[in-house]
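Taking it in order: structure first as structure tokens, then the write-up.
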Amino acid sequence: MDKVCAVFGGSRGIGRAVAQLLAHKGYRVAVLARNLDMAQAAAGELGGGHFAFSCDVAKERDVQNAFEEMGKNLGPVNFLVNAAGINRDSLLVRAKSEDMLSQLHTNLLGPMLTCKAAIKTMIQQQGGSIVNIGSIIGLKGNSGQSVYSASKGGLVGFSRALAKEVARKKIRVNVVAPGFVHTDMTKDLKEEHLKKNIPLGRFGEPIDVAHAVVFLLESPYVTGHVLVVDGGLQLVI
Ligand code: NAP
């Protein structure tokens with residue numbers, strides 16, 4: 001059977017590195033993001049046989065359409081990576097409800113919708129593997145990121161419950177929880193200051209996270225696991 005992987009948020013950052021590593025390993029990859037030009041550029045880097053689709057993970061109709069299109073162009077999806085995510089950092093007292101909702105919709109509702117659609121396909125194929133990208137902030141919390149932390153902590157609870165729910169169908173669900181990684185999301189952070197707290201002394205690169213994602217995608221006896229990829233940051237915060 002072809003290995004077909006949908007990478008939501010595959011146009012930039014961590015998702016893009018995951019898409020590149022998967023294509024290198026022989027998967028057929030669907031790159032999904034809201035910005036179709038960026039998704040097409042990322043899919044174009046992968047060579048032939050890969051596709052890009054525009055999709056807002058927070059919209060169920062978009063997600064359903066994306067799975068229909070992926071089925072037609074690539075075949076049934078049997079691997080799923082949820083790397084789409086946003087942050088709207090703010091102290092809670094100053095946070096706007098629209099920013100709270102957009103984080104919850106993208107980071108938590110989105111993976112729920114993509115997993116729901118993927119599981120229908122995976123059950124038909126008698127198996128599949130899902131990796132959701134959480135965050136060390138969802139496990140440890142951080143001042144100014146309470147809503148983002150809630151969205152990522154919620155994603156862990158969701159993933160572990162779903163892992164129990166679908167294990168009998170031979171579908172695995174795991175989480176990778178990165179620390180600070182060089183992407184657009186972290187470009188405005190004070191890196192020199194922050195990296196002093198990281199035992200390995202540097203921010204991660206997207207490929208560092210991609211290796212962990214692919215490890216979990218392909219580990220046949222691991223489900224409901226949260227793999228922290230943070231250069232040791234969790235040891236000190
Ligand atoms: P990034 O470089 O900003 O990329 C985000 C990706 O998500 C883009 O492809 C973006 O494309 C897509 N996206 C955003 N909202 C979307 C939506 N509503 N529907 C579909 N796609 C959407 O971010 P990143 O740093 O790679 O982050 C990837 C994941 O890792 C996120 O879940 C993030 O929370 C998590 N994470 C990142 C770090 C870090 O240090 N970078 C640390 C811990 C966890 P469009 O904008 O075109 O939609």
Side-chain angles (χ1 to χ4, degrees), residues 6-21 29-43 45 52-63 65-67 80-89 98-99 101-114 117 131-142 145 147-156 158-159 175-191 194-195 197-198 202-210 212-213 226-231 233-234 237:
V7 184
F8 287 86
S11 64
R12 292 188 275 123
I14 292 168
R16 185 170 163 192
V18 169
Q20 289 171 350
L21 187 55
V29 178
V31 174
L32 301 111
R34 290 167 301 178
N35 184 320
L36 183 59
D37 290 342
M38 297 281 287
Q40 282 173 333
E45 292 172 350
F53 304 96
S54 173
C55 178
D56 182 340
V57 289
K59 295 182 178 158
E60 187 159 25
R61 192 65 234 156
D62 267 28
V63 171
N65 286 341
F67 273 84
L80 168 64
V81 176
N82 278 308
I86 58 166
N87 63 334
R88 299 284 180 268
D89 296 348
E98 57 262 37
D99 287 338
L101 282 174
S102 63
Q103 289 176 91
L104 293 171
H105 283 167
T106 304
N107 300 352
L108 185 53
L109 175 65
M112 291 175 179
L113 295 174
T114 62
V131 173
N132 294 324
I133 309 291
S135 169
I136 190 68
I137 304 302
L139 305 175
K140 294 285 185 171
N142 193 28
Q145 294 194 291
V147 178
Y148 179 79
S149 179
S151 71
K152 294 299 190 177
L155 187 62
V156 170
F158 167 71
S159 302
V175 175
V176 169
F180 294 113
V181 182
H182 280 136
T183 69
D184 291 346
M185 189 177 273
T186 54
K187 65 182 186 317
D188 296 327
L189 296 182
K190 295 188 175 83
E191 180 173 346
L194 290 168
K195 76 181 187 187
N197 277 332
I198 303 172
R202 65 173 178 89
F203 275 25
E205 299 302 327
I207 189 66
D208 295 325
V209 182
V213 171
V226 181
L227 179 52
V228 174
V229 181
D230 69 346
L233 184 61
Q234 65 162 337
I237 59 172

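Ligands are counted one by one from 1 in listed order, and the atoms in each one are counted from 1 as well.
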Task: Stepwise side-chain contact (heavy atoms from CB on, under 4.5 Å) check, Ile136 with Val228 - done: CA-CA 7 Å; Ile136 190 68; Val228 174; 3.8 Å; yes
Task: For the student: nearest non-hydrogen atoms of Val226 and Val156, plus distance - done: CG2-CG1, 3.8 Å
Task: Geometric N/O contact Ala58 with ligand 1, under 3.5 angstrom - done: no
Open item on the list: Quick check on His105 - does any of its heavy atoms sit under 4.0 Å from an atom of ligand 1?
Closed with: no
- [ ] Determine the interplanar angle of the Phe203 and His182 rings, folded into 0 to 90°, and report it as parallel if under 30°, tilted if 30 to 60°, perpendicular if over 60°.
- [x] tilted
Task: Close N or O approach (Gly9, ligand 1; < 3.5 Å) - done: yes
- [ ] Say whether Ser135, considering both its backbone and side-chain N or O atoms, lies within less than 3.5 Å of an N or O atom on ligand 1.
- [x] no
TODO: Provide the number and element of each atom of ligand 1 under 4.0 Å from a heavy atom of Asp56.
DONE: 17 (C), 18 (N), 19 (N)
TODO: Report the part of Val57 in contact with ligand 1, treating N, CA, C, O as backbone and CB onward as side chain, heavy atoms under 4.0 Å; options are side chain, backbone, both, neither.
DONE: both
Task: Taking every non-hydrogen atom, the tightest pair across Asn87 and Gln145 - done: ND2-NE2, 4.4 Å
Open item on the list: Quick check: closest heavy atoms across Cys55 and Ala66, and the distance to 0.1 Å?
Closed with: SG-CB, 4.1 Å
- [ ] Within a distance under 4.0 Å of any heavy atom of Asn35, pick out the atoms of ligand 1 and give their elements.
- [x] 47 (O)
Open item on the list: Quick test of your reading of the structure: of Pro111, Gly85, Ala177, Gly13, whose heavy atom lies closest to atom 5 (C) of ligand 1?
Closed with: Gly85
TODO: Distance to 0.1 Å, residue and atom name: give those for the protein heavy atom nearest to atom 3 (O) of ligand 1.
DONE: Arg12 NH1, 3.2 Å
Task: Shortest non-hydrogen contact between Val31 and Ala39, atoms and distance - done: CG1-O, 3.7 Å
Open item on the list: Between ligand 1 and Phe203, can you find any atom pair, the residue atom being a heavy atom, that is separated by under 4.0 Å?
Closed with: no
- [ ] Evaluate the side-chain proximity of Ile86 to Asn107: yes if any heavy-atom separation is below 4.5 Å, no if none is.
- [x] yes
Task: Any Gly204 heavy atom less than 4.0 Å from ligand 1 - done: no
TODO: Could you find the nearest protein heavy atom to atom 30 (O) of ligand 1 and give me its residue, atom name and distance?
DONE: Ile133 CG2, 3.2 Å
- [ ] For Phe180, take its heavy atoms, then give the atoms of ligand 1 lying under 4.0 Å from any of them.
- [x] 40 (O)
TODO: Write out the residue and atom name of the closest protein heavy atom to atom 20 (C) of ligand 1, then the distance separating them to 0.1 Å.
DONE: Cys55 O, 3.1 Å
Task: Non-hydrogen atom of Gly134 closer than 4.0 Å to ligand 1 - done: yes
Open item on the list: What protein heavy atom lies closest to atom 38 (C) of ligand 1? Include the residue and the distance to one decimal.
Closed with: Gly179 O, 3.9 Å
Open item on the list: Between Asp230 and Ile198, is there a side-chain heavy-atom distance shorter than 4.5 Å?
Closed with: no
Open item on the list: Has Asp56 got a side-chain atom pairing as donor or acceptor with Ala58's backbone, closer than 3.5 angstrom?
Closed with: yes
- [ ] Run down the list Val18, Thr183, Val81 and name the one with the heavy atom closest to atom 24 (P) of ligand 1.
- [x] Thr183
- [ ] For atom 28 (C) of ligand 1, grab the closest protein heavy atom and report residue, atom and distance to one decimal in Å.
- [x] Ala83 O, 3.0 Å
Open item on the list: Are Val18 and Val131 packed together at the side-chain level, in the sense that at least one heavy-atom pair is separated by less than 4.5 angstrom?
Closed with: no
- [ ] Say whether Phe8 and ligand 1 are in contact under the criterion: heavy-atom distance to a ligand atom below 4.0 Å.
- [x] no
Task: Shortest protein contact, atom 22 (C) of ligand 1 (heavy atom only) - done: Ala84 CB, 3.5 Å
Task: atom 16 (C) of ligand 1: the protein heavy-atom neighbour that sits closest, reported with distance to 0.1 Å - done: Arg34 NE, 3.4 Å
TODO: May I ask you to check whether Thr186 has an N/O atom sitting below 3.5 Å from an N/O atom of ligand 1?
DONE: no
- [ ] For atom 32 (O) of ligand 1, find the nearest protein heavy atom and state the residue, atom name and distance (0.1 Å precision).
- [x] Lys152 NZ, 2.7 Å
- [ ] Could you tell me whether some N/O pair between Ala33 and ligand 1 is separated by less than 3.5 angstrom?
- [x] no
Task: Geometric N/O contact Leu32 with ligand 1, under 3.5 angstrom - done: no
TODO: Check each atom of ligand 1 against the heavy atoms of Ile14 and keep those under 4.0 Å away; list them by number with element.
DONE: 26 (O), 30 (O), 37 (C)
Open item on the list: So, regarding Ile86 and ligand 1 (criterion: nitrogen or oxygen to nitrogen or oxygen, under 3.5 Å), is there a contact or not?
Closed with: no
Open item on the list: Between the side chains of Asp208 and Arg202, is the shortest nitrogen-to-carboxylate-oxygen separation below 4.0 Å, so that they form an ion pair?
Closed with: yes
